[in-house]
Protein chains: 4
Amino acid sequence: MTAITGTANAERRAELLATAAEVFAAQGYNATTVRRIADEAGMLAGSLYYHFDSKESMLDEILSAFLDELWTGYDTVLAAGLGPREAIGALVTQSFRQIDRHGPAVAIYQRESRHLSAQPRFAYLADSQLKFENAWLRTLERGVAEGAFRGDLDVRLVYRFVRDTVWVAASWYRPGGTHSPEEIARQYLSMVLAGITTKT
Amino acid sequence: MTAITGTANAERRAELLATAAEVFAAQGYNATTVRRIADEAGMLAGSLYYHFDSKESMLDEILSAFLDELWTGYDTVLAAGLGPREAIGALVTQSFRQIDRHGPAVAIYQRESRHLSAQPRFAYLADSQLKFENAWLRTLERGVAEGAFRGDLDVRLVYRFVRDTVWVAASWYRPGGTHSPEEIARQYLSMVLAGITTKT
Amino acid sequence: MTAITGTANAERRAELLATAAEVFAAQGYNATTVRRIADEAGMLAGSLYYHFDSKESMLDEILSAFLDELWTGYDTVLAAGLGPREAIGALVTQSFRQIDRHGPAVAIYQRESRHLSAQPRFAYLADSQLKFENAWLRTLERGVAEGAFRGDLDVRLVYRFVRDTVWVAASWYRPGGTHSPEEIARQYLSMVLAGITTKT
Amino acid sequence: MTAITGTANAERRAELLATAAEVFAAQGYNATTVRRIADEAGMLAGSLYYHFDSKESMLDEILSAFLDELWTGYDTVLAAGLGPREAIGALVTQSFRQIDRHGPAVAIYQRESRHLSAQPRFAYLADSQLKFENAWLRTLERGVAEGAFRGDLDVRLVYRFVRDTVWVAASWYRPGGTHSPEEIARQYLSMVLAGITTKT
DNA sequence: GATGAATGAGCGTTCATTCAT
DNA sequence: AATGAATGAACGCTCATTCAT
């Protein structure tokens, strides 16, 4: 009984969060009213507070759930002991899969994370950002050291170039379109890798 | 005397707009209160309305001034009759110069233009966007036709790749840093062009 | 249960509108603050917006409800096929009844209708005004043609005279005073009719 | 020198007050902005404060100047020792002349005096109102006592009837129209007097 | 006498949130 | 679980007023 209710409860929460994420992504967090989310979910604004503490806690759950999944994928890649080129390829592909599966969350993250990370509650965004930066920078530096990547470029610039190149796609990518995430990843990689690898 | 006053007036407006642009860029347009802009400018909220009609008209002036300058530069490049590679290079360099000079405006444009362009007042954003897309797509297609650029990639994907790659830089670029806009443009171009040009 | 709630809801709206009408009538629409209405209703200003879209929509509801009732009464009189003297008498009596029942609305109408009717939302005020004028003028002209009313007076002047004479009473009439609306109508009529009817 | 300046000064004040009165009459006192008056006078809002202490003091001057003139005329009539019928006639004619000469002031008085008279500064409005009421009531009562006016009507009702009948005309009367104030007075009187005098 | 720029109080309105039912 | 009604803080904006120039 309790288990069933708990599951039903969890499902309802997930549904509501998915709805909220879509609206946040479409209109921006600040510009989204709680009433709008409730409308979309077929209830009144006040009723959402039975399920969630606040508008902010909805945002929090959306972003942390996304980051949890993201890091599960990334950590697997990083632990696989791949060479620099393959590692970069795997990370990019992972990223496009996340964009495909968590499009709204990615879009929210892109738009809001900078100013959110100043708040204690969202400090984990800054942590994640740092961990992310470290993972990429180390992989790139390893590639330069091994002679796989060009050494004449500022590594931080390359990092930002690759990072932005990938994540910004969330602003136009729509699931179910012409290209699968893997196909987009393939084309992106063929450009990006050509730009940063040494000529052989 | 009148000339001096006129100039002083125009300077004050420009100062206030620069202040507003910085705050809009840092916090987002919606999240920025008119009181915050006034604080930053050392006056009271109501006083801003002596200089501007509304918060929205400040945004309007910031964005249209930016786009005017941008297109002055772009039109010069596009009318110069350059080859595809050189044209892309010149456009990218122009863009980084704009980021250097109008950083906040670029950041605001990135964040807000999608939903703003639905309003009649900001229809020019959609027009600009279209003109921009045409300029880039034609240059890229010309490059493919002439054999300068790779023909195995989706041209729209390449367009988005290059476009985002450049403009997203506004989100981290700070004037007066280690690299000049021209240096950043040079490094970006050496990556981007390697990714899209045919191997010779 | 739903019916009770629906009724309660409608009653609350009506109460709030009556409160608003009194304040509007006492201080003028523009000079009345939403906070004042809310005070009078025992709530906070923002709470009124749960019930109404705007201050203007309160005004709109007050005026259109009044005009609806007014025309219900007038149309009945006009359709009854009375002679000119009896028709004028019935219209005046109807008017005093409206003043008795909708005193504040009448006062608001007197004070605000001229400038309101320029706004599209309140165009119905101008329509009503025109219909009103037509009804009175035709009745008066019929009376002149039939020899019941004096022909030596400017009919439009007579119209204004009678119209103002009646409606201005709303500015001093208070329900529950010494005279009933019917008694006031009787005395008014005995003056007005003596002034405009031919001597027999 | 001082005299000339003083006169020029007084003329400028009078011009500005006339302008203000027209705007107050057309839009209502509260709805009129100081800036609007200044626009109409060809200056900036702040400049009016060289001539007047405040918006309220403009209103004050307009109303008290009007009442001063009104009472000059009324007092002459009341001191002339006329019979009730002639006295009423002379007062009504005086009133229409005031409407003709001080239309805007009369309109402002009609619209604003009730709520203004609660303020100490405008207590003279209530005084004037009282004096006015006394003059009319005594004249009417004298007429009833002498058998000139009907005794079967409530005198206060008759007073309000005649008073409103006259003053409300300010809301539609425009100087220079078809009828002169004397002609309007004549027609009004022929109706009003027929309504209140005894049949002979 | 008049201007230009600012003040400061207050306005209509929005919205996240609360809570009795 | 959800509703209906309300709160209270904040927002964009207006406007009478001030004052150095």
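Labels below follow one simple rule: chain letters A, B, ... track the order of the sequence lines, proteins then strands, and each chain is numbered from 1.
For D:Phe52, the side-chain contact (heavy atoms from CB on, under 4.5 Å) partners at least two apart in sequence or on another chain are D:Arg13, D:Leu16, D:Leu17, D:Ser57, D:Met58, D:Glu61. The salt bridge (Lys or Arg N to Asp or Glu O under 4.0 Å) test applied to D:Arg35 returns no partner, not counting sequence neighbours. Residues satisfying the side-chain contact (heavy atoms from CB on, under 4.5 Å) criterion with B:Tyr50, sequence neighbours excluded, are absent altogether. Partners of A:Arg111 according to the salt bridge (Lys or Arg N to Asp or Glu O under 4.0 Å) rule, which considers only residues two or more places apart in sequence or in another chain, are B:Glu112. Partners of B:Arg101 under the side-chain contact (heavy atoms from CB on, under 4.5 Å) rule, at least two apart in sequence or in another chain, are B:Glu69.
Contacts between residues 27-41 of chain C and DNA chain F, defined by a heavy-atom separation below 4.0 Å, involve C:Arg35, listed by number. Using a 4.0 Å cutoff on non-hydrogen atoms, no part of residues 114-123 of chain B comes near DNA chain F.
Residue D:His51 places at least one side-chain N or O under 4.0 Å from the OP1 or OP2 atom of E:dA2. For the OP1/OP2 pair of E:dG4 and a distance below 4.0 Å, the side-chain nitrogens and oxygens of B:Arg12 include no atom meeting the criterion. Contact check, B:Arg13 against E:dA5: no side-chain N or O comes under 4.0 Å of OP1 or OP2.
For residues 37-51 of chain B, every residue pair satisfying the salt bridge (charged side-chain N to carboxylate O under 4.0 Å, His left out) rule, not counting sequence neighbours, is listed here: B:Arg36-B:Glu40. Here salt bridge (charged side-chain N to carboxylate O under 4.0 Å, His left out) pairs that include residues 41-52 of chain A, with residues two or more places apart or in two chains, number zero.
With hydrogens and angles ignored, the 3.5 Å screen pairs a side-chain donor or acceptor of A:Arg114 with a backbone N or O of B:Ser171. No donor-acceptor pair under 3.5 Å is formed between the side chain of C:Ser47 and the backbone N or O of C:Met43. The main-chain N or O of D:Ser113 is found under 3.5 Å from a side-chain atom of D:Ser117 such that the two form a donor-acceptor pair.
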Under 3.5 Å, side-chain donor or acceptor atoms of residues 21-31 of chain D against the rest of the protein: list the pairs with distances, not counting sequence neighbours.
residue: D:Tyr29; atom: OH; partner: D:Glu56; partner atom: N; Å: 3.3

Write down the protein N/O and nucleotide N/O pairs, taken from nucleotides 18-21 of chain F, whose separation is under 3.5 Å; answer none if there are no such pairs.
none

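Atom CG in B:Leu59 sits about 12 Å away from atom P in F:dC13, given to the nearest Å. Distance A:Leu44 CG to F:dA6 C1': 14 Å, rounded to the nearest Å. If you measure from atom CZ of A:Phe52 to atom C1' of F:dA1, you get 13 Å, rounded to the nearest angstrom. With rounding to whole Å, C:Leu48 atom CG is found 14 Å from E:dC11 atom C1'. In this structure, A:Glu11 atom CD and F:dA1 atom P are separated by 12 Å, rounded to whole Å. Atom-to-atom, CG of A:Leu16 to C1' of F:dA1 comes out at 11 Å; the value is rounded to the nearest Å.
Nearest nucleotide to the side chain of D:Met43, out of E:dA2, E:dG4, F:dA6: E:dA2.
Distance check: B:Thr19 OG1 to B:Ile37 CD1 gives 9.0 Å after rounding to the nearest 0.5 Å. One finds the NE2 atom of D:His102 at 10.0 Å from the CG atom of D:Leu67 (value rounded to the nearest 0.5 Å).
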Problem set entry | Verdict with reasoning, A:Asp60 to A:Tyr124, per side-chain hydrogen bond (donor to acceptor under 3.5 Å, both in side chains) | CA-CA 10 Å; A:Asp60 195 353; A:Tyr124 65 85; 2.6 Å; yes
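Positionally, the nearest nucleotide of DNA chain E for B:Tyr50 lies more toward the 5' end than for the other of B:Tyr50 and A:Ser54.
In secondary-structure terms, DNA chain E builds stems of at least 3 consecutive Watson-Crick or G-U pairs, each pair having both distances under 3.5 Å, at E:2-21 with F:2-21.
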